[in-house]
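Okay, structure first, notes after.
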2 protein chains.
Amino acid sequence: MTGPPTTTQARTRAERLRQELREEIVTAAFEEFSQRGYHDTGIADIAQRLGIGHGTFYRHFKNKRDILDHVVDGLLARILEALAAENAPDAVDTLDEYVEQCRRISGALSEIFSADPRVARMLLLEATSIDAELTERVLGLFDTATALTAAYFMHGRELGYLRADLDVDGTARAVVGVILANLLQGLRTPADREAQRRTADAGLRLMFDGIARR
Amino acid sequence: MTGPPTTTQARTRAERLRQELREEIVTAAFEEFSQRGYHDTGIADIAQRLGIGHGTFYRHFKNKRDILDHVVDGLLARILEALAAENAPDAVDTLDEYVEQCRRISGALSEIFSADPRVARMLLLEATSIDAELTERVLGLFDTATALTAAYFMHGRELGYLRADLDVDGTARAVVGVILANLLQGLRTPADREAQRRTADAGLRLMFDGIARR
DNA sequence: CGGTTCGGAATGGCATGTCACTTCCTGAAG
DNA sequence: CTTCAGGAAGTGACATGCCATTCCGAACCG
């Protein structure tokens with residue numbers, strides 16, 4: 001009935017140490033995977049980074065694929081948490097409020113992605129090519145983002161501050177594409193935060209006003 | 001000085017046959033790589049698909065990585081060709097003409113990507129995780145697309161049919177993101193061409209007019 | 001018949017996962 | 001407070017299987 005606590009506090013000192021090592025392994029694996037790539041990383045590399053024997057690794061994780069899941073779990077959780085925290089389509093009643101809300105979401109995302117380009121590297125470049133199940137989880141994240149966006153659009157269209165003829169679903173997908181463009185910018189110019197901010201701003205402006213002269 | 005002809009016509013019958021087989025191998029490799037993934041595909045799989053011994057493979061290509069380059073070369077060439085064929089920023093003098101032009105480009109791209117979802121699979125999901133050089137080539141394609149788009153924007157801003165305060169570069173990146181959204185849609189619903197057309201339309205509309213009520 | 005191409009058995013190297021052994025920790029008993 | 005026993009965690013040599021690549025006898029062409 002108990003089972004080993006995962007995020008919860010561990011009772012005994014030994015348990016706490018064990019838990020700590022587990023997390024260190026996940027972190028080390030993330031670093032190796034996101035930099036060398038999954039296939040070019042050996043269990044030995046992960047172990048060596050921590051100065052442990054690679055046999056020890058297998059005391060904590062079933063196999064290489066298993067830890068990859070844990071790494072991705074952590075990243076997806078962080079992202080979903082950020083999205084969920086800001087999510088409140090019904091609390092937005094005017095265009096200006098929605099712009100503000102989008103800025104908040106944009107900020108929360110760049111908090112995650114700009115702060116560490118390896119996150120985008122891992123999710124966009126690596127995790128999409130391991131197997132169908134993992135690819136599905138990453139693409140599923142995009143679907144989730146699309147759905148969240150679509151909820152805002154639906155609300156805004158009803159309240160009349162968005163175009164009446166807005167194709168909610170198709171446009172939501174396009175907007176997720178704009179977010180993607182920001183992640184790519186983060187991959188291209190990891191150091192240049194300023195460029196990232198400008199791309200984000202341009203994306204937001206495009207989203208609301210388009211490119212045509214009014 | 002001669003070197004083996006690649007696209008050119010072959011003199012002798014043997015050379016022609018050899019050239020044909022080369023192309024068949026590239027095609028077979030594309031099919032395997034895009035479906036199973038690069039790492040899960042063995043040279044033997046490619047050879048078997050063609051009913052040749054896998055030793056024969058090495059008569060035509062240096063190694064596994066080598067043929068991957070040829071596969072990607074072919075795909076990139078097709079895409080760049082399509083983009084170059086439609087490219088003519090200076091011939092576009094009004095907003096309507098630019099809309100029309102974008103529709104053409106969008107059409108040319110879906111000609112390639114919607115017709116065969118494996119192209120997007122290969123480039124977006126597989127090719128980004130092999131090594132730095134290949135990743136660079138794929139991301140470089142996005143940069144090229146961004147540059148082409150930016151040229152149109154510059155022109156349109158000068159002629160006054162696009163917003164005067166348009167951030168040319170940042171917005172171009174965002175628009176490439178919208179294109180990316182279309183590719184993802186193609187991956188998600190490969191069979192549903194109608195959904196893809198709707199996403200493309202919504203993307204174009206977003207690009208020109210944004211979501212806000214006018 | 002030279003020479004060229006084919007094919008698939010053999011090779012080599014490498015990374016994963018196992019296991020028998022060692023080390024360390026902890027809690028209890030003296 | 002010290003000692004000790006039991007068990008948990010750590011370790012890295014080793015077994016295993018896999019696959020890219022090589023190589024040489026066979027088939028085939030001209």
Side-chain angles (χ1 to χ4, degrees), chain A residues 2-6 9-29 31-33 35-71 126 129-131 134, chain B residues 2-5 10-26 28-30 32-33 35-71 126 129-131 133-134:
Chain A
T2 53
T6 37
Q9 290 195 359
R11 305 281 143 191
T12 128
R13 167 182 161 76
E15 257 175 29
R16 200 167 45 245
L17 251 48
R18 179 180 170 79
Q19 184 59 24
E20 255 175 55
L21 179 54
R22 249 184 94 88
E23 277 156 24
E24 275 178 60
I25 293 176
V26 172
T27 302
E31 286 165 351
E32 291 289 326
F33 287 161
Q35 276 160 359
R36 296 189 183 211
Y38 178 73
H39 288 289
D40 292 341
T41 299
I43 297 300
D45 296 320
I46 298 171
Q48 192 168 34
R49 177 177 276 253
L50 296 173
I52 63 176
H54 79 274
T56 306
F57 170 90
Y58 288 96
R59 298 250 163 218
H60 294 267
F61 297 94
K62 204 155 79 14
N63 53 37
K64 191 177 169 184
R65 181 53 222 275
D66 182 32
I67 193 167
L68 178 61
D69 266 333
H70 281 84
V71 169
E126 290 299 324
S129 60
I130 310 303
D131 59 30
L134 198 54
Chain B
T2 54
R11 308 278 146 193
T12 122
R13 166 182 161 75
E15 257 176 29
R16 201 167 45 244
L17 251 50
R18 179 179 171 77
Q19 184 57 25
E20 256 175 55
L21 179 55
R22 246 184 98 87
E23 277 157 23
E24 275 178 59
I25 293 176
V26 172
F30 166 61
E32 292 289 326
F33 287 162
Q35 277 159 359
R36 296 188 184 211
Y38 178 73
H39 288 288
D40 292 342
T41 299
I43 297 299
D45 296 320
I46 298 171
Q48 192 169 35
R49 177 177 274 253
L50 296 173
I52 63 175
H54 59 277
T56 306
F57 170 90
Y58 286 94
R59 306 239 150 237
H60 295 268
F61 296 94
K62 203 156 83 359
N63 53 37
K64 191 178 170 182
R65 181 54 223 274
D66 182 33
I67 192 163
L68 177 61
D69 265 335
H70 281 85
V71 168
E126 290 299 324
S129 60
I130 309 303
D131 59 30
E133 189 250 326
L134 198 53

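Order of the sequence lines sets the chain letters (A, B, ...), proteins ahead of strands, with each chain counted from 1.
Atom pair B:His60:NE2 and C:dT4:P shows a separation of 15 Å (rounding to whole Å applied). Residue B:Tyr38 contributes atom OH, which lies 10 Å from atom C1' of D:dA20 at whole-angstrom precision. Atoms OH (B:Tyr58) and P (D:dC19) sit 12 Å apart, rounded to a whole Å. Going from atom CG of A:Asp40 over to atom P of D:dA20 covers 14 Å, rounded to whole Å. Across the protein-nucleic acid pair, A:Glu15 atom CD and D:dA9 atom C1' stand 13 Å apart, rounded to whole Å. Protein atom CG of B:Leu17 is 12 Å distant from nucleotide atom C1' of C:dT5, rounded to whole Å. Rounded to whole Å, the distance from CZ on A:Phe57 to P on C:dC19 is 17 Å. With rounding to whole Å, A:Arg16 atom CZ is found 14 Å from C:dC25 atom C1'.
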Would you sort out whether B:Ile43 and B:Tyr58 count as a side chain to side chain contact (heavy atoms under 4.5 Å, CB included), showing the intermediate values? CA-CA 9 Å; B:Ile43 297 299; B:Tyr58 286 94; 3.5 Å; yes
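No engagement by A:His39 is indicated, since no non-hydrogen atom pair under 4.0 Å with the nucleic acid exists. Using a 4.0 Å heavy-atom cutoff across all strands shown, B:Gly42 reaches sugar-phosphate atoms only and no base atom. When heavy atoms are screened at a 4.0 angstrom cut-off, A:Arg18 is found touching the sugar-phosphate backbone but no base atom.
Annotation for A:Gln48: atom CD does not count as buried by contact number, only 12 or fewer foreign heavy atoms lying within 6.0 Å.
Comparing C:dG7, D:dA9, D:dA20 against the side chain of B:Lys64 picks out D:dA20 as the nearest. Closest contact between the side chain of A:Ile43 and the listed nucleotides C:dT5, C:dT16, D:dA20 involves C:dT16.
Side-chain contact of A:Glu15 with A:Gln19: a donor-acceptor pair under 3.5 Å is absent, judged by distance alone.
When the side-chain nitrogen and oxygen atoms of A:Thr56 are compared with OP1 and OP2 of D:dA9, none of them lie within a distance under 4.0 Å.
Taking CZ of A:Arg59 as the reference point, atom CG of A:Leu21 lies at 12.0 Å (rounded to 0.5 Å).
Counting atom types as modelled, A:His54 pairs a side-chain N or O with a base atom of C:dG17 as donor and acceptor under 3.5 Å.
A cation-pi contact, defined as under 6.0 Å to the ring centre and within 45° of the axis, is absent between B:Lys64 and B:Phe33.
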